[in-house]
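All remarks here apply to the structure that follows.
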Amino acid sequence: MDYNALATQFTGFYYNQFDSDRSLLGNLYRENSMLTFETSQNQGVASIIEKLTSLPFTKVIHKVSTLDAQPSGENGTILIMVTGSLLLDEEQNPQNYSQVFHLVPEGGSYYVLNDIFRLVYGC
Amino acid sequence: MSYRGRGNQHNNNNSNYASNSNSIGHSQLNLVLVEIRNWNNAPVDNLVSFVSRKVHIYLINAEAVSNNVIHANVRSNRDAEQLMTLDGAKFAGQYLKITILNNHNNNNRINTNNIGNVINNTNAATKNTIQILRDFLKRRYNPNEKLLDLSNMSSDQILVSNDLYTTISTSSKVFPALMKICSEENFSSSPSTNLNNITNNDNNDNNKNNILSIDLSNNNLDNSLAISTLAQTFPDLKNLSLANNNLQSIKSLDSLKHKLNKLTLLVLTNNPIQQNDPNSLYQYDLLKMFPSLLVLNDQKIRDESKLSQLLTFPLLKKNFFFENPTCQSLSSNFISNFLNFWDNNRADLSMLYTSESQFSLSIISIAPHKFIQSNPTNSQSTSLKDLNNKPWGYYLPISRNLSVINSDYIKNSRLAKGNEQILKLFNNLPKSKHDLIANSQKYSIESWNCSNTSIIVVLHGEFDEIDPPIQIAKPSTNTSSHYPKGHRRNNYYNSKESAKTSLSKRSFDRTWLIVPNPQGSIIIASDLLTIRPYSGFDAFQEDHSIVNLSLNSSTNNNTFNANNSANIPQIVIPPEIESKLSPVKKELLIRIIIETKLNLEYAGMLCENCNWDYNTAIESFKSNRSNIPQNAFI
């Protein structure tokens with residue numbers, strides 16, 4: 001599959017799932033996956049999901065502003081860089097974030113090796 | 001007399017005001033102020049055309065200053081004398097009464113239409129007007145409550161008797177003039193300080209702290225437009241009452257939208273807005289318009305603790321994060337060298353890329369509200385508006401934002417592969433300046449080993465564009481449909497001159513995948529750059545409230561900026577305790593220590609007792625605070 005389409009599809013799926021039920025994101029990660037949320041570091045599926053579900057909001061809506069992707073290296077990994085906004089709970093003013101996903105092929109599909117999230121400004 | 005010697009300063013300060021006046025072109029003329037009474041409330045325009053028809057004189061700046069009085073200017077004493085021939089003429093069923101108020105050969109205008117201009121004049125009558133407004137503010141200021149009471153201004157006998165005031169909406173220049181005076185006055189919370197003491201430009205900062213509340217109730221306001229200068233003078237206002245006015249809908253408040261970002265209390269009782277919207281849906285709009293709003297009328301509409309929690313994730317903020325010391329020294333060296341070349345000799349960077357390397361750029365040109373508004377109390381924000389209005393013409397033809405581009409051809413053609421293409425794309429970007437070394441707090445770096453051989457480095461920060469690109473990218477034909485809404489083709493520059501004026505400050509995020517080789521040099525495999533409207537660096541500000549429990553020096557060695565690393569406060573939990581904590585618990589514990597200032601032992605007890613729940617722990621801390629022994633704190 002074309003990496004551009006894959007990146008678009010992946011981010012679409014990821015943010016939809018995150019916004020509807022982020023506890024189900026586990027199958028996108030593996031034991032060697034690393035989540036960097038702001039500057040906290042979580043490795044492995046259980047730890048990543050624990051981190052994501054413990055974030056202090058229940059309702060969240062992601063909106064992507066920029067999306068760029070590059071195939072990286074010979075082993076078919078893909079680097080995706082996203083910026084966007086986050087609406088949390090009843091709050092009407094978005095936070096803005098930047099996120100990098102490093103996708104690694106496995107079987108016919110991909111998993112997230114690195115997920116680096118950073119708020120870039122508040123409302 | 002406090003006015004002495006201030007003429008020049010005020011001339012400068014008031015240049016904004018003067019430029020707002022529609023009469024600036026007349027300032028060289030010897031304008032004469034006239035007063036016309038008994039016009040019987042006919043439309044002002046009718047009177048102007050009546051005069052023009054009868055004596056061929058044009059009334060400049062004609063404005064009703066009260067029900068029965070019009071002030072206007074004429075061009076010369078001769079015109080004024082000519083106008084006097086209409087004294088006693090019949091107009092709209094009454095006999096006009098015309099008086100020449102001022103025939104000095106200077107350009108004084110006491111007309112309320114021009115109070116803003118008049119402030120810088122030294123004419124006695126003008127001084128009088130200002131003094132009246134100043135005295136009014138003085139009477140209405142309550143230093144104990146830091147409240148400026150501007151309620152029911154039409155009942156103020158002195159304003160009314162001086163023809164300065166009818167309602168805010170009709171006396172459109174009075175409120176801006178009051179705000180102008182406010183921004184120059186030194187309101188002090190200490191009652192002994194003379195309100196008339198003009199000191200210096202710090203006044204505005206003082207006033208920010210000395211006026212936290214403004215009462216504009218009972219002013220028959222139907223739109224916030226008349227009071228929009230409020231937000232410029234008091235951008236940090238906490239409490240505002242607009243009760244008992246005539247505000248019809250949320251739209252009536254549009255001119256204050258996103259401008260009072262610290263407003264926590266708003267009173268709108270007894271406005272038609274409530275009847276017009278029985279389900280109070282306007283509350284949601286208010287939350288958007290005023291991001292810090294907590295209380296509407298007497299109702300809590302936003303949970304403060306939740307708000308602050310959302311705004312500050314319960315995480316230890318750090319500018320820099322490196323997975324391990326090797327990663328750190330590699331990536332910090334890499335970034336400082338890279339930016340140095342990027343700013344000074346970009347072409348030399350091509351040696352870091354191979355024929356397989358890739359570079360691409362994506363842009364988002366829409367700035368968040370917070371960074372568009374102008375804020376005269378803060379010189380940085382004043383320029384923000386300008387900064388973020390700068391066009392994106394250099395970037396649009398090369399932006400590869402997959403979320404807005406549909407064409408596969410464009411997607412592929414905008415990914416640069418190999419040194420040659422990459423360098424070509426680099427040359428399409430303006431010459432820039434990053435100040436990472438001098439101002440590292442404006443940047444954020446994270447780096448991770450992503451396989452045995454490569455490292456991901458992420459940098460967030462800002463740069464100044466200092467010169468147009470070496471080569472300006474031309475938009476490919478038929479691509480306009482791929483630009484995000486709002487972009488126009490006229491963003492492209494034909495001349496170097498016009499190109500220069502479009503330079504701005506931008507924020508950016510950049511991700512590199514770098515491969516160090518055994519010789520000590522590195523290769524850049526991937527390079528993704530996102531450029532955004534300038535949005536400051538608040539998000540990277542470290543939590544300085546943190547107290548060092550002990551110092552872990554090994555992770556604090558920042559190789560390219562030793563000063564900064566010394567400022568990175570850290571709470572280090574002893575290994576024997578840390579080993580028993582999950583990452584989530586560890587983070588919670590650190591947060592509790594930061595917020596409560598409890599020492600490790602007591603913070604640990606608190607977390608344990610509260611089942612490691614943040615909210616419970618904080619609540620429990622607050623309610624038991626008085627019982628906590630002194631030695632429990634850091």
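A, B, ... follow the sequence lines: proteins, then strands. Residue 1 opens every chain.
- For B/Leu528, the parts sitting under 4.5 Å from any heavy atom of chain A are the backbone and the side chain alike.
- Summarising the geometry, atom CG belonging to A/Asn96 is positioned 9.0 Å from atom CD1 belonging to B/Ile364; distances are rounded to the nearest 0.5 Å.
- Heavy-atom pairs under 4.5 Å with chain A were tallied for B/Leu513, B/Leu415, B/Asn412; the largest tally goes to B/Leu415.
- Heavy atoms from other residues, nucleotides or ligands lying under 6.0 Å from CG of B/Asn611 number 12 at most.
- Of the two parts of B/Leu588, neither the backbone nor the side chain holds a non-hydrogen atom closer than 4.5 Å to a non-hydrogen atom of chain A.
- Highest contact tally toward chain B, considering only A/Glu50, A/Met81, A/Gln70, is held by A/Gln70 [criterion: heavy-atom pairs under 4.5 Å].
- Counting heavy atoms from C-beta outward, B/Thr511 and A/Ile116 have side chains that stay 4.5 Å or more apart.
- The CG atom of A/Leu119 sits 10.0 Å away from atom NE2 of B/His460, with the distance rounded to the nearest 0.5 Å.
- Neither the backbone nor the side chain of B/Asp285 has a heavy atom closer than 4.5 Å to any heavy atom of chain A.
- What you find for B/Thr530 and A/Thr66 is that their closest heavy atoms are CG2-OG1, 3.6 Å.
- Between B/Ser526 and A/Pro71, the shortest heavy-atom contact is OG-O, 4.3 Å.
- Under the salt bridge (charged side-chain N to carboxylate O under 4.0 Å, His left out) criterion, B/Lys411 pairs with B/Asp408, not counting sequence neighbours.
- For B/Ser360 and A/Asp68, the side-chain atoms include at least one donor-acceptor pair closer than 3.5 Å.
- The contact between B/Gln358 and chain A is made by backbone and side chain atoms together, counting heavy-atom distances below 4.5 Å.
- For B/Asp509 (side chain) and A/Ser98 (main-chain N/O), no donor-acceptor pair under 3.5 Å exists by modelled atom type.
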- Message: I'd like to know whether A/Thr11 forms a side chain to side chain contact (heavy atoms under 4.5 Å, CB included) with B/Leu402, so could you lay out the CA-CA distance, the side-chain angles of the two residues, the decisive distance to 0.1 Å, and finally the verdict.
- Response: CA-CA 11 Å; A/Thr11 47; B/Leu402 299 178; over 6 Å; no
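- Judged by distance alone, the side chain of B/Arg400 and the main-chain N or O of A/Ala69 form a donor-acceptor pair under 3.5 Å.
- Within the 4.5 Å cutoff, the side chain of A/Arg118 has no heavy atoms near those of the B/Val458 side chain.
- Considering A/Val82, A/Thr83, A/Val64 as possible partners of B/Ser403, the one that fulfils the side chain to side chain contact (heavy atoms under 4.5 Å, CB included) test is A/Val64.
- Both the backbone and the side chain of A/Leu79 come within less than 4.5 Å of a heavy atom of chain B.
- For a residue to count as touching a neighbouring chain, one of its non-hydrogen atoms must lie under 4.5 Å from one of that chain's; by this rule B/Leu287 touches chain A with backbone and side chain alike.
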